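In what follows, a single structure is set out as structure tokens and then discussed.
Numbers for residues simply follow the sequence, beginning at 1. Just so it is clear, the structure is predicted and the values come from calculations on it, not from any experiment.
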Amino acid sequence: QALEDFLQTMAEIPVVVWVVLALMLIVAGVILSIIALMVGTLGTSGVIKGTILAEKAEADAKPVSLGTVFKAIKPYYWKVFLLNFGLRVLGTIVGFLLVIPIIFLVVCTCFLGLFLLIPVAWFIELMVNFTTIAIIEENLGIFDGIKRAWRMITRHLGDVLVMFLILGVGQLILGLVIALPLVVVPLPLVFELIVTGFETLSFGLVFSVLLFIVFMPLVIFLSGVLRAYVLTSWTLTYRQLEAEDELAPIVLADGNDEG
């Protein structure tokens with residue numbers, strides 16, 4: 001009865017109210033997305049630059065401070081932000097264009113097509129990571145950073161694939177483990193609905209919300225730690241590959257002088 005009363009109340013709300021509410025939610029979502037992107041860019045740039053500074057520092061040097069890192073990323077921050085913002089916009093457009101073909105692929109392959117999309121997503125993430133590292137490490141522009149990332153990956157494909165498998169599979173497994181607490185969140189609500197025959201949802205709803213409030217910050221924190229570890233690993237890998245390129249011998253073409 002409680003569920004029916006709730007649905008009846010929702011049906012009595014004018015359509016104009018729903019339209020205004022939807023527009024407000026869209027605007028709020030866009031603003032929050034931009035803020036989240038700015039904070040995420042700050043974190044990503046900070047981890048990469050902090051890793052670079054820490055590796056360049058002497059063994060007996062003091063630990064790199066947050067102030068030093070934030071000061072060091074100023075020349076690169078907006079380039080990295082524009083890179084990520086452009087990718088978000090491009091990804092949204094491509095997603096709308098490919099949503100039907102992707103659904104068709106997934107359905108026709110009995111959901112096996114989803115496994116084909118995983119390597120594609122990982123490769124795009126790798127390109128973004130290497131481009132970001134190139135921008136910060138070598139002070140490149142966005143498009144030059146993309147070219148540099150592509151050359152680095154193609155030149156060292158074997159090494160990159162090994163790290164890709166180690167970090168990609170590890171990140172996937174640990175990500176699933178970290179997200180496990182969220183599976184528990186809806187259980188009180190589902191249990192109450194089943195026990196009461198879908199007549200009430202007060203206690204279960206409150207308990208599920210409390211679990212969400214408790215678990216969500218923990219999941220976000222652990223996901224951030226995992227993300228920072230992966231970024232650090234890729235930054236060190238990039239610098240190692242870059243050092244190998246610098247130490248590689250240069251083969252000069254033999255010139256035969258005549259006369």
Side-chain angles (χ1 to χ4, degrees), residues 33 36-57 64 68-70 72-95 98 115-175 223-248 250:
S33 297
L37 183 59
M38 294 179 69
V39 175
T41 301
L42 182 65
T44 299
S45 303
V47 169
I48 294 173
K49 192 61 180 180
T51 302
I52 295 172
L53 292 176
E55 192 183 25
K56 288 181 177 179
V64 180
T68 302
V69 173
F70 289 148
I73 65 175
K74 285 182 179 180
Y76 322 106
Y77 176 82
W78 289 111
K79 288 190 288 186
V80 177
F81 174 80
L82 289 176
L83 170 68
N84 287 279
F85 181 78
L87 289 174
R88 293 285 181 89
V89 174
L90 181 62
T92 301
I93 296 174
V94 173
L98 296 181
F115 294 98
L116 299 176
L117 298 178
I118 293 176
V120 176
W122 279 350
F123 177 76
I124 293 175
E125 181 183 8
L126 177 59
M127 276 293 298
V128 174
N129 287 339
F130 266 35
T131 301
T132 305
I133 296 169
I135 290 173
I136 296 175
E137 166 73 4
E138 304 183 45
N139 194 20
L140 300 176
I142 294 176
F143 294 105
D144 289 335
I146 294 174
K147 295 177 183 177
R148 177 62 170 157
W150 176 259
R151 286 198 301 268
M152 187 70 73
I153 293 173
T154 53
R155 284 180 183 176
H156 305 275
L157 189 58
D159 295 331
V160 171
L161 281 177
V162 172
M163 285 297 297
F164 181 79
L165 290 174
I166 295 173
L167 293 177
V169 175
Q171 186 179 12
L172 177 62
I173 295 174
L174 291 177
S223 298
V225 172
L226 178 60
R227 170 68 175 164
Y229 174 80
V230 172
L231 269 177
T232 300
S233 300
W234 277 124
T235 303
L236 295 175
T237 301
Y238 183 96
R239 288 179 56 79
Q240 180 63 36
L241 298 178
E242 183 184 25
E244 291 178 6
D245 284 345
E246 293 176 355
L247 294 175
I250 300 175

Does the pair E138/K147 count as a salt bridge with the N-to-O cut at 4.0 Å?
no
Which residues satisfy the ring-ring contact (aromatic ring centres under 6.0 Å, His included) test with W150, sequence neighbours excluded?
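If we apply the ring-ring contact (aromatic ring centres under 6.0 Å, His included) test to W150, skipping adjacent residues, there are no hits.
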Would one find more than 12 heavy atoms of other residues, nucleotides or ligands at under 6.0 Å from atom OH of Y77?
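Yes, the 6.0 Å shell around OH holds more than 12 heavy atoms from other groups.
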More than 12 heavy atoms of other groups within 6.0 Å of F81 CZ:
yes
Looking only at atom types and distance, does a side-chain atom of K79 sit under 3.5 Å from a main-chain N or O of L140, one as donor and one as acceptor?
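Between the backbone of L140 and the side chain of K79 there is a qualifying donor-acceptor contact (under 3.5 Å).
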Looking at [atom1] of [X] and [atom2] of [Y], how far apart are the two atoms once the value is rounded to the nearest 0.5 Å?
{"X": "L241", "Y": "T237", "atom1": "CG", "atom2": "OG1", "value": "6.5 Å"}
{"X": "L87", "Y": "T92", "atom1": "CG", "atom2": "OG1", "value": "10.5 Å"}
{"X": "I48", "Y": "Y76", "atom1": "CD1", "atom2": "OH", "value": "11.5 Å"}
{"X": "L53", "Y": "K56", "atom1": "CG", "atom2": "NZ", "value": "7.0 Å"}
{"X": "I52", "Y": "I133", "atom1": "CD1", "atom2": "CD1", "value": "7.5 Å"}
{"X": "T51", "Y": "R239", "atom1": "OG1", "atom2": "CZ", "value": "9.5 Å"}

[X] to [Y] - nearest heavy-atom pair and separation:
{"X": "W122", "Y": "G168", "value": "CZ2-O, 3.4 Å"}
{"X": "I153", "Y": "F123", "value": "CG2-CE1, 4.3 Å"}
{"X": "L226", "Y": "Q171", "value": "CD2-O, 3.8 Å"}
{"X": "S233", "Y": "L167", "value": "CB-CD1, 3.7 Å"}
{"X": "F164", "Y": "W234", "value": "N-CH2, 3.6 Å"}
{"X": "I135", "Y": "G141", "value": "CG1-O, 3.9 Å"}

Are T44 and R227 packed together at the side-chain level, in the sense that at least one heavy-atom pair is separated by less than 4.5 angstrom?
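Contact flag for T44/R227 side chains = yes.
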Determine, stepwise, if the pair E244 / D159 fulfils side-chain contact (heavy atoms from CB on, under 4.5 Å).
CA-CA 12 Å; E244 291 178 6; D159 295 331; 4.1 Å; yes
Show the numbers, then the answer: is there a side-chain contact (heavy atoms from CB on, under 4.5 Å) between L42 and I73?
CA-CA 8 Å; L42 182 65; I73 65 175; 3.5 Å; yes
Passes side-chain contact (heavy atoms from CB on, under 4.5 Å), R148 versus D144? Steps please.
CA-CA 6 Å; R148 177 62 170 157; D144 289 335; over 6 Å; no
Trace of the side-chain contact (heavy atoms from CB on, under 4.5 Å) decision for V128 with N84
CA-CA 8 Å; V128 174; N84 287 279; 4.2 Å; yes
